[in-house]
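Counting starts at 1 for both ligands and their atoms, in listed order. Throughout, numbering of the chain's residues begins at 1 and tracks the sequence.
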Amino acid sequence: LATKWQDKFQLNIKEIDAQHRRFFEILESTDSMLEKTELNEQDVFQIMRLLMDLRNYGFFHFHTEEKLMVKAGYPEFLSHMDLHDDYMSAMNKHRLNFVGLFHTFKEGTDNRDEIFAYYKDFVAFASEWYQNHISNEDAKYAYFIKQK
Ligand SMILES: [Fe+2]
Ligand SMILES: [Fe+2]
């Protein structure tokens, strides 16, 4: 489910490529969890941590990208920034939903199946979003910067 870095994602901007690679590393680190058939209490905490990593690394990365686009005078900067904000909004919504499930679990209800299903959706969303965004949107500003 979680996808590996592929060479086609390479934009030939060193700092950006390094950050994109790091994001796929985080995604890959979710794989071992996805293979589990049953979750224990520690796994539930681990899932929480992975979800935070996916969300927070996105935030950090967008900041780097937006600075770069402004510096380069990329004309589609504002609409690109809207796409980043869409990702953050979606992730924050997922986070809130997940926190709800997490509290239910901590209060003693065994909702691990629900947590697991939600976790898979969340990872799939982040993975798909990133692949599309790099290939279709980040590629545009990278092209612009290299033409300058
Ligand atoms: Fe990016
Ligand atoms: Fe981007």
Side-chain angles (χ1 to χ4, degrees), residues 1-37 39 42-105 111-148:
L1 178 71
T3 318
K4 285 184 167 46
W5 162 270
Q6 298 171 59
D7 286 341
K8 68 173 182 182
F9 298 136
Q10 180 113 8
L11 301 177
N12 296 312
I13 299 172
K14 211 172 165 195
E15 188 182 21
I16 297 299
D17 287 330
Q19 290 187 1
H20 286 162
R21 277 176 190 274
R22 175 72 194 120
F23 186 82
F24 283 95
E25 274 171 28
I26 296 170
L27 275 175
E28 271 188 69
S29 76
T30 67
D31 273 349
S32 57
M33 191 69 72
L34 292 169
E35 283 156 15
K36 295 207 175 203
T37 47
L39 299 177
Q42 212 188 340
D43 293 333
V44 177
F45 282 93
Q46 175 71 357
I47 285 177
M48 195 66 177
R49 208 182 61 81
L50 288 168
L51 295 182
M52 293 301 99
D53 282 352
L54 289 176
R55 173 181 173 276
N56 298 344
Y57 199 77
F59 191 67
F60 164 75
H61 168 63
F62 298 153
H63 182 63
T64 305
E65 243 177 28
E66 287 163 13
K67 270 196 304 192
L68 184 72
M69 286 189 281
V70 168
K71 201 174 142 209
Y74 179 56
E76 287 178 60
F77 160 70
L78 286 174
S79 57
H80 195 117
M81 203 173 161
D82 283 346
L83 297 172
H84 289 169
D85 284 351
D86 288 345
Y87 176 86
M88 289 310 294
S89 301
M91 292 300 271
N92 282 331
K93 211 167 70 190
H94 279 309
R95 183 184 65 80
L96 279 177
N97 291 340
F98 194 82
V99 166
L101 293 175
F102 186 63
H103 282 312
T104 305
F105 175 78
N111 62 344
R112 285 177 294 180
D113 285 352
E114 211 183 336
I115 286 177
F116 204 30
Y118 199 79
Y119 171 70
K120 285 179 181 176
D121 283 353
F122 196 107
V123 171
F125 168 78
S127 170
E128 264 171 52
W129 190 92
Y130 252 89
Q131 289 181 75
N132 290 331
H133 185 77
I134 292 173
S135 306
N136 301 323
E137 304 300 333
D138 289 350
K140 287 187 206 161
Y141 80 71
Y143 180 78
F144 175 82
I145 286 171
K146 279 179 281 181
Q147 294 304 299
K148 286 202 357 161

Whether F125 and Y87 hold their rings parallel, tilted or perpendicular, with breakpoints at 30° and 60°: parallel
Minimum-distance atom from the Fe ion (ligand 1) among N, O or S atoms of H20: NE2
Atom name in D138, limited to N/O/S, at shortest distance from the Fe ion (ligand 1): OD2
H61 near the Fe ion (ligand 2) via N/O/S, less than 2.8 Å: no
Salt-bridge criterion met for R21 and D17 (N-O under 4.0 Å): no
Lys/Arg cation over aromatic F116: K120, 6.0 Å, 45° cone: yes
N/O/S from E65 sitting under 2.8 Å away from the Fe ion (ligand 2): yes
Aromatic ring pairing F98/F102, orientation class (parallel under 30°, perpendicular over 60°, tilted between): parallel
Parallel, tilted or perpendicular: ring planes of F62 versus Y130, cut at 30 and 60 degrees: parallel
Vertex the Fe ion (ligand 2), arms to H80 NE2 and H133 NE2, rounded to 10°: 90°
